[in-house]
Novice: 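Right, I'll just put the structure down here and ask away after.
Labels below follow one simple rule: chain letters A, B, ... track the order of the sequence lines, proteins then strands, and each chain is numbered from 1. Just the heavy atoms: all of them, side chains too, but no hydrogens, waters or symmetry mates, feed the values below.
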Amino acid sequence: MPVRVRLAPSPTGYFHVGTARTALFNWILAKQDPEGVFILRVEDTDPERNREEWVQAIYAAMAWLGLDYTGPFRQSENAPAHAAALEALVAAGALYYCDCTPAEVEARKGARATPGYDGYCRDRGLARNERTALRFRTPDEGTIVVPDLVRGEVVFSLSAIDDFVVARSTGEALYALANVVDDRDDAITHVVRGEEHLANAPKQMMLWSALNAATGLEVSLPVFAHLPLLVNEQRKKLSKRRDPVALEMYRDQGYLVAAVLNYLALLGWSPRGDDEIVEMDTIVEQFRLEDVSHSPAFFDVKKLTAFNGTYIRALSPEAFAALCRPWVDPGEVAWRPAGYRPAWGVEDFDPDLFARLVPLIQERVARLDEVPVMVDFFFGEPAHDEAAFAKAITSDPAAPGVLAAALEAYGALGDFGAEALHAATLALGEARGLSLRKAQAPIRCAVTGRLVGPPLFESLALLGRERTLARLRAALEHAA
RNA sequence: GGUCCCAUCGUCUAGCGGCCUAGGACAUCACCCUCUCAAGGUGGAGGCACGGGUUCAAAUCCCGUUGGGACUGCCA
């Protein structure tokens with residue numbers, strides 16, 4: 001039987017990195033089977049919380065990740081099937097109407113050892129009205145075994161599972177029911193999702209069987225796989241409210257999709273051998289649900305960033321330059337990080353110059369959003385960082401002499417190349433008893449506005465004699 | 001409270017009874033390289049939560065303790 005898996009996110013907020021990992025694992029499973037199918041099904045059955053912009057965010061995130069799927073489908077599209085399932089289940093006596101308000105249920109809970117709904121309306125024989133929700137009648141004793149490819153067989157005690165609601169008093173199906181009906185209709189073979197859903201599995205299995213019985217169908221149950229949670233430093237489940245979980249944010253910061261995917265794959269799983277930087281083909285080849293870790297994983301941005309740096313350095317200069325465009329080219333680009341515009345204008349940007357800058361910066365950034373500050377002095381006047389200026393120039397008694405000497409030596413250079421600049425600077429430093437390290441500091445600050453940056457002499461050569469000398473002069477004046 | 005899950009360096013993990021004086025990666029420290037910053041190279045520090053079993057032999061199996069976590073909605 002071909003693998004049929006699905007991602008079933010609800011459009012109630014940013015696309016979560018945890019959702020991305022779940023998507024990846026599902027996608028891998030489908031890829032491993034020549035006939036495998038990966039479905040994207042947006043679970044939009046809660047009109048109170050869903051927003052159209054969030055469903056668009058799901059599509060955008062999946063597109064960025066490059067995980068191809070069948071769909072997208074929306075759970076709301078299958079509403080007729082949900083209604084039919086409800087009807088069949090009622091007819092079969094698997095469901096009953098309940099008019100208890102949440103407050104009443106809460107009140108009766110009291111100090112009972114097993115809270116939750118107490119089955120008050122089970123045998124009241126209520127008819128449907130505008131105040132009745134539909135509950136599923138669950139067995140009071142016994143156990144149910146959830147087959148889980150990650151954890152083995154998980155045994156649940158039925159006494160702790162209360163009669164849960166499957167339809168609102170408005171008649172609309174709730175997640176509990178809709179999810180099962182959709183999985184059945186989509187012929188899902190493996191339900192692969194986060195561990196927070198583990199407790200839902202026995203309910204879904206019972207519903208699935210009841211549905212088969214009520215409809216005379218014999219659709220086989222899916223097998224489950226509950227992935228370890230992604231947690232924050234406090235070891236709490238990553239939350240949309242307090243943790244940086246929006247996938248979009250990582251894209252905005254200049255993380256490469258390949259790096260993100262590679263890192264995500266390592267959360268709960270690991271490739272054979274000592275290399276953690278691996279191609280997706282290798283991951284698809286080696287991945288097994290049985291090998292997935294059982295314990296929660298901390299989403300470590302530092303490690304992700306290190307991976308990203310590795311991926312950036314592995315890029316061809318051309319590919320790197322192309323990926324940098326949203327951050328450096330003020331002209332028309334297809335996409336730009338939220339809230340970001342280059343600090344320089346279209347007329348100041350020179351793509352050819354940027355191409356020549358690439359070798360100087362590619363190995364110096366771990367994220368694409370670090371690029372602008374490395375190259376800004378090429379496309380505009382250096383930012384006036386007074387703290388840097390004070391440190392490298394004002395507070396250094398030798399600085400004015402160095403700048404003046406550089407002005408003279410650089411002006412006299414026949415060839416304004418990096419090597420010549422290097423030699424000239426070395427010489428003017430030696431003349432003052434300064435190491436190159438000391439001598440380059442005020443020059444770097446005068447020309448780039450910063451204490452750190454790409455290699456100085458290559459930068460000066462690319463900047464050109466005229467602009468270099470102008471900035472040296474300006475710094476000298478500013479210092480005086 | 002109840003149900004369920006989990007437990008190897010700070011972090012992510014390898015380990016599936018002897019190959020383990022526990023391997024790798026990120027982070028960290030030192031040194032080398034060096035015009036700043038990186039990158040790169042070399043080396044170091046750092047872990048099997050605890051207590052009982054089982055076994056000739058346990059990080060690996062069993063039980064318990066402790067500690068984390070998820071779920072417990074007319075949300076998904």
Side-chain angles (χ1 to χ4, degrees), chain A residues 8-12 43-46 48-50 75 98 100-102 105-106 109 111-117 131-135 146 148 151 154-162 164-170 172 174-176 178-179 194-202 226 228-229 231 233-237 263 266-277 291 293-300 302-307 309-310 313 360-366 374 392 421-422 425-426 429 435-441 443-445 448 450-458:
Chain A
S10 68
T12 53
E43 306 228 312
D44 58 349
T45 49
D46 183 0
E48 293 282 303
R49 302 205 309 155
N50 297 338
Q75 186 154 61
C98 166
C100 298
T101 63
V105 173
E106 185 64 31
K109 244 195 267 197
R112 276 184 302 116
T114 54
Y117 184 65
R131 291 189 301 118
T132 52
L134 231 26
R135 286 184 186 272
V146 175
D148 188 299
R151 283 149 219 283
V154 185
V155 184
F156 286 83
S157 162
L158 256 15
S159 63
I161 301 178
D162 63 356
F164 54 96
V165 176
V166 294
R168 293 189 175 89
S169 42
T170 57
E172 301 160 275
L174 251 16
Y175 160 83
N179 184 266
E195 199 201 293
E196 70 266 31
H197 284 290
L198 182 53
N200 288 328
H226 290 95
L229 251 25
V231 298
E233 263 173 309
Q234 283 72 239
R235 298 260 114 198
K236 302 278 191 205
K237 182 170 84 163
Y263 177 68
L266 261 31
L267 259 19
W269 181 82
S270 63
R272 289 186 213 122
D274 284 343
D275 289 333
E276 294 195 323
I277 304 279
D291 295 335
S293 154
H294 298 184
S295 39
F298 169 57
F299 185 84
D300 186 356
K302 280 208 179 97
K303 184 158 179 176
L304 202 212
T305 306
F307 271 41
T310 302
R313 273 172 256 125
L360 306 185
I361 60 172
Q362 187 170 355
E363 68 174 22
R364 290 186 162 71
V365 297
M374 298 222 73
L421 286 158
H422 183 281
T425 310
L426 192 61
S435 63
L436 188 53
R437 180 191 176 87
K438 292 293 266 181
Q440 60 90 37
I443 300 170
R444 175 185 296 281
C445 181
T448 74
R450 292 201 172 80
L451 268 21
V452 300
L456 184 59
F457 307 118
E458 284 81 351

Novice: Does A:His422 put a side-chain nitrogen or oxygen below 4.0 Å from OP1 or OP2 of B:C35?
Specialist: yes
Novice: Using atom C1' in both nucleotides, what's the gap between B:G52 and B:G44 to the nearest angstrom?
Specialist: 37 Å
Novice: What contact category does A:Pro454 fall into here, base, sugar-phosphate, or nothing, at under 4.0 angstrom with non-hydrogen atoms?
Specialist: base
Novice: What I want to find out is whether A:Glu195 reaches A:Arg151 closely enough, with some N-O distance under 4.0 Å, to be called a salt bridge.
Specialist: yes
Novice: Checking contacts here: which listed nucleotide (B:G24, B:C35, B:C4) is nearest the side-chain heavy atoms of A:Leu198?
Specialist: B:C4
Novice: Checking A:Arg364 side chain against A:Leu360 main chain: does a donor-acceptor pair fall under 3.5 Å?
Specialist: yes
Novice: With a 4.0 Å cut-off on heavy atoms, is A:Thr45 in touch with a base, just the backbone sugar-phosphate, or nothing at all?
Specialist: sugar-phosphate
Novice: Tell me if the CZ atom of A:Arg313 is crowded by more than 12 foreign heavy atoms within 6.0 Å.
Specialist: yes
Novice: Classify the nucleic acid contact of A:Ala306 as base, sugar-phosphate or nothing, counting any heavy atom under 4.0 Å across all strands shown.
Specialist: sugar-phosphate
Novice: Looking only at atom P, what distance separates B:G18 and B:C61, rounded to whole Å?
Specialist: 11 Å
Novice: B:A76, B:U36, B:G69: which one has an atom nearest the side-chain heavy atoms of A:Gln440?
Specialist: B:U36
Novice: Over how many whole Å does the gap from A:Arg444 atom CZ to B:U34 atom C1' extend?
Specialist: 12 Å
Novice: At less than 4.0 Å, is any side-chain N or O atom of A:Lys237 found next to OP1 or OP2 of B:C71? Yes or no.
Specialist: yes
Novice: Using a distance-only criterion (donor-acceptor N/O pair, under 3.5 Å, no hydrogens), is the base of B:U11 paired with the side chain of A:Arg235?
Specialist: no
Novice: What is the distance, to the nearest angstrom, from the NZ atom on A:Lys438 to the C1' atom on B:U36?
Specialist: 12 Å
Novice: Over 60° means perpendicular and under 30° means parallel, so classify the ring planes of A:Tyr175 and A:His197, tilted if in between.
Specialist: tilted
Novice: For A:Asp275, which contact category applies under a 4.0 Å heavy-atom criterion: base, sugar-phosphate, or nothing?
Specialist: nothing
Novice: Considering just the side-chain nitrogens and oxygens of A:Thr170, establish if one lies under 4.0 Å of OP1 or OP2 belonging to B:C74.
Specialist: no
Novice: For A:Gly273 and A:Arg131, find the nucleotide of RNA chain B closest to each by heavy atoms; which residue's nucleotide sits nearer the 5' end?
Specialist: A:Gly273
Novice: Quick one: the side chain of A:Glu196 and the base of B:C4, do they pair up donor-acceptor inside 3.5 Å?
Specialist: no
Novice: Using a 4.0 Å heavy-atom cut-off across all strands, classify A:Gly429 as base, sugar-phosphate, or nothing.
Specialist: nothing
Novice: Rounded to whole angstrom units, what separation is found between the CZ atom of A:Arg364 and the C1' atom of B:A38?
Specialist: 5 Å
Novice: Would you say the side-chain atoms of A:Tyr263 pair up with the backbone N or O of A:Ala306, donor to acceptor, closer than 3.5 Å?
Specialist: no
Novice: Quick check on B:G69: is either OP1 or OP2 less than 4.0 Å from any side-chain nitrogen or oxygen of A:Lys236?
Specialist: yes
Novice: I need the CZ-C1' distance between A:Phe307 and B:G24, as an integer number of Å.
Specialist: 11 Å
Novice: Need one value for A:Cys100: base, sugar-phosphate or nothing, where a base atom within 4.0 Å counts as base even if backbone is also close, heavy atoms only.
Specialist: base
Novice: What does A:Leu174 touch in the nucleic acid at a heavy-atom separation under 4.0 angstrom: a base, only the sugar-phosphate, or nothing?
Specialist: sugar-phosphate
Novice: Is any N or O donor-acceptor pair between the side chain of A:Thr425 and the base of B:C35 shorter than 3.5 Å?
Specialist: no
Novice: Rounding to a whole Å, what distance do you find between A:Tyr263:OH and B:A27:P?
Specialist: 12 Å
Novice: Reading RNA chain B from 5' onward, which residue's closest nucleotide shows up sooner: A:Pro455 or A:Lys303?
Specialist: A:Lys303
Novice: Tell me what A:Ser169 touches on the nucleic acid: a base, only sugar-phosphate, or nothing, going by heavy atoms under 4.0 Å.
Specialist: base
Novice: How close or far is atom C1' of B:G1 from atom CD of A:Glu106, stated in whole angstroms?
Specialist: 13 Å
Novice: For A:Pro11, is there any backbone N or O sitting under 3.5 Å from a side-chain donor or acceptor partner on A:Asp44?
Specialist: no
Novice: For B:U36, does OP1 or OP2 lie under 4.0 Å from any side-chain N or O of A:Arg437?
Specialist: yes
Novice: A:Ser295 side chain: which of B:C6, B:C35, B:G69 is closest?
Specialist: B:C6
Novice: Is there a donor and acceptor pair, one atom on the side chain of A:Arg135 and one on the base of B:C74, closer than 3.5 Å?
Specialist: no
Novice: So A:Val231, base contact, sugar-phosphate only, or nothing? Heavy-atom distance under 4.0 Å.
Specialist: nothing
Novice: Under 3.5 Å, is there any donor-acceptor pair linking the side chain of A:Arg151 to the base of B:C5?
Specialist: no
Novice: Between C1' on B:U8 and NE2 on A:His294, what's the gap in Å once rounded to a whole number?
Specialist: 15 Å
Novice: Between B:G10 and B:C71, how far apart are the P atoms? Round to whole Å, please.
Specialist: 27 Å
Novice: Rounded to whole angstroms, how far apart are CH2 on A:Trp269 and C1' on B:A25?
Specialist: 14 Å
Novice: Hey, does A:His226 reach any base, or is it just sugar-phosphate, or nothing, if we go heavy atoms under 4.0 Å?
Specialist: nothing
Novice: Using a heavy-atom cut-off of 4.0 Å across all strands, would you classify A:Ala199 as base, sugar-phosphate, or nothing?
Specialist: sugar-phosphate
Novice: Is there a side-chain contact between A:Thr12 and A:Asp46 (heavy atoms, below 4.5 Å)?
Specialist: no
Novice: As a test of reading the structure: which of B:G24, B:C35, B:A76 is closest to the side chain of A:Glu276, going by heavy atoms?
Specialist: B:G24
Novice: With a cut-off of less than 4.0 Å, is there a side-chain N or O of A:Arg313 near OP1 or OP2 of B:G40?
Specialist: yes
Novice: Which part of the nucleic acid, if any, lies within contact of A:Phe457, taking any heavy atom under 4.0 Å across all strands shown: a base, the sugar-phosphate backbone alone, or nothing?
Specialist: base
Novice: If you only use heavy atoms from C-beta on, which nucleotide in B:U3, B:G24, B:A76 is closest to the side chain of A:Ala160?
Specialist: B:U3
Novice: Considering only B:A27, B:C12, B:G2, which nucleotide approaches the side chain of A:Leu267 most closely?
Specialist: B:C12
